Amino acid sequence: AQSVTQLGSHVSVSEGALVLLRCNYSSSVPPYLFWYVQYPNQGLQLLLKYTSAATLVKGINGFEAEFKKSETSFHLTKPSAHMSDAAEYFCAVSPNNAGNMLTFGGGTRLMVKP
Amino acid sequence: DGGITQSPKYLFRKEGQNVTLSCEQNLNHDAMYWYRQDPGQGLRLIYYSQIVNDFQKGDIAEGYSVSREKKESFPLTVTSAQKNPTAFYLCASIRQGMANTEAFFGQGTRLTVV
């Protein structure tokens with residue numbers, strides 16, 4: 001069984017500030033982890049993915065995430081927030097590298113203040 | 001361009017009616033998925049199909065039905081048995097058996113009961 005917990009359904013930061021979105025997972029097998037972004041009334045777009053090649057993963061739009069097995073975490077960060085980063089972010093876990101049977105967290109809505 | 005297309009973008013249903021949401025992909029992906037999204041609840045899996053003419057129930061299949069007669073198509077029917085169908089529905093596809101692959105999402109269909 002696998003599950004994902006995203007701490008904080010809403011996160012607000014000022015433009016230029018650090019973005020930190022938290023994700024903790026539970027998986028009975030080595031996990032594959034994903035972060036997706038969703039803009040209003042649109043589908044999900046992949047930001048980055050961890051598939052065991054490297055623990056620090058860099059994605060699009062300046063985002064990155066670090067896989068920490070000891071903490072069962074995969075937090076998403078960006079050094080400097082931009083207004084265009086305002087969206088909903090989803091962490092997801094899969095038990096294999098084909099991305100099948102994705103289990104999603106509840107999502108975190110990121111708000112960026114000018 | 002390859003992609004996954006959902007239609008319509010907005011759909012209104014009267015109580016007691018069945019409605020069908022379309023999902024088509026030209027990515028040659030084997031697996032297709034339907035998710036339901038409600039505010040604050042993330043994405044919940046309704047049905048999935050990993051091969052033509054075969055599909056499995058997800059976590060919230062009651063009140064829904066699907067078919068997979070063609071590889072590129074995976075329509076979802078919301079039946080009158082679904083008591084609370086108002087939601088945002090997302091279709092996704094995945095190319096199975098490939099390392100480092102991820103799910104591709106359509107733009108979603110927003111269903112409203114009137």
Side-chain angles (χ1 to χ4, degrees), chain A residues 1-11 21 23-25 30-54 57-60 65 67 74 87-109, chain B residues 3-11 21 23-25 27 29-51 54-60 87-112:
Chain A
Q2 54 194 23
S3 65
V4 177
T5 302
Q6 291 183 239
L7 296 175
S9 58
H10 292 80
V11 170
L21 304 182
C23 172
N24 288 89
Y25 69 90
Y32 296 91
L33 296 155
F34 306 80
W35 274 101
Y36 286 86
V37 60
Q38 183 183 34
Y39 298 100
N41 292 312
Q42 293 190 26
L44 276 65
Q45 178 185 359
L46 183 73
L47 271 179
L48 49 80
K49 57 186 176 184
Y50 166 76
T51 54
S52 77
V57 182
K58 294 186 183 299
I60 62 171
F67 173 70
F74 191 57
E88 187 147 21
Y89 292 80
F90 291 94
C91 183
V93 63
S94 167
N96 61 56
N97 65 358
N100 293 330
M101 298 309 297
L102 285 170
T103 299
F104 287 88
T108 297
R109 183 167 298 280
Chain B
I4 182 165
T5 302
Q6 289 185 242
S7 62
K9 188 170 178 64
Y10 298 96
L11 185 59
L21 284 59
C23 179
E24 304 274 335
Q25 54 98 359
L27 300 165
H29 285 175
D30 300 295
M32 298 185 73
Y33 299 77
W34 275 106
Y35 290 91
R36 170 179 171 142
Q37 185 177 19
D38 296 281
Q41 294 193 45
L43 279 70
R44 293 181 290 167
L45 183 64
I46 305 173
Y47 267 99
Y48 65 100
S49 168
Q50 296 179 308
I51 194 170
D54 188 46
F55 48 83
Q56 283 78 40
K57 293 181 179 180
D59 300 320
I60 56 165
F88 191 54
Y89 291 86
L90 286 162
C91 181
S93 70
I94 296 174
R95 186 176 180 184
Q96 296 200 140
M98 294 288 292
N100 299 323
T101 190
E102 70 275 6
F104 289 79
F105 283 82
Q107 294 298 294
T109 293
R110 185 165 297 282
L111 173 63
T112 304

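Excluded from the calculations below are hydrogen atoms, water molecules and symmetry mates; all remaining heavy atoms, backbone and side chain alike, are included. Lettering follows sequence order; numbering is per chain, from 1. These figures come from a predicted structure and were not determined experimentally.
Across all their heavy atoms, B:Phe88 and A:Gln38 have their closest contact at CE2-NE2, 3.5 Å. In terms of heavy atoms, B:Lys9 sits closest to A:Asn41 at NZ-O, 2.9 Å.
Heavy-atom distances place both the backbone and the side chain of B:Leu43 under 4.5 Å from chain A. Neither the backbone nor the side chain of A:Tyr50 comes within less than 4.5 Å of any heavy atom in chain B. Only the side chain of B:Gln37 comes within contact range of chain A, with heavy atoms under 4.5 Å apart.
In this structure, the separation between CG on A:Leu44 and CD on B:Gln107 is 10.0 Å, given to the nearest 0.5 Å. Taking OH of B:Tyr33 as the start and CG of A:Leu102 as the end, the distance is 7.0 Å to the nearest 0.5 Å. With values rounded to the nearest 0.5 angstrom, B:Phe105 atom CZ is found 9.0 Å from A:Phe90 atom CZ.
B:Lys57 NZ: 12 or fewer foreign heavy atoms inside a 6.0 Å radius. Atom CD1 of B:Ile51 has 12 or fewer heavy atoms from other residues, nucleotides or ligands within 6.0 Å.
Per-residue heavy-atom pair counts under 4.5 Å with chain B were compared for A:Val4, A:Thr108, A:Leu46, and the maximum is reached by A:Leu46.
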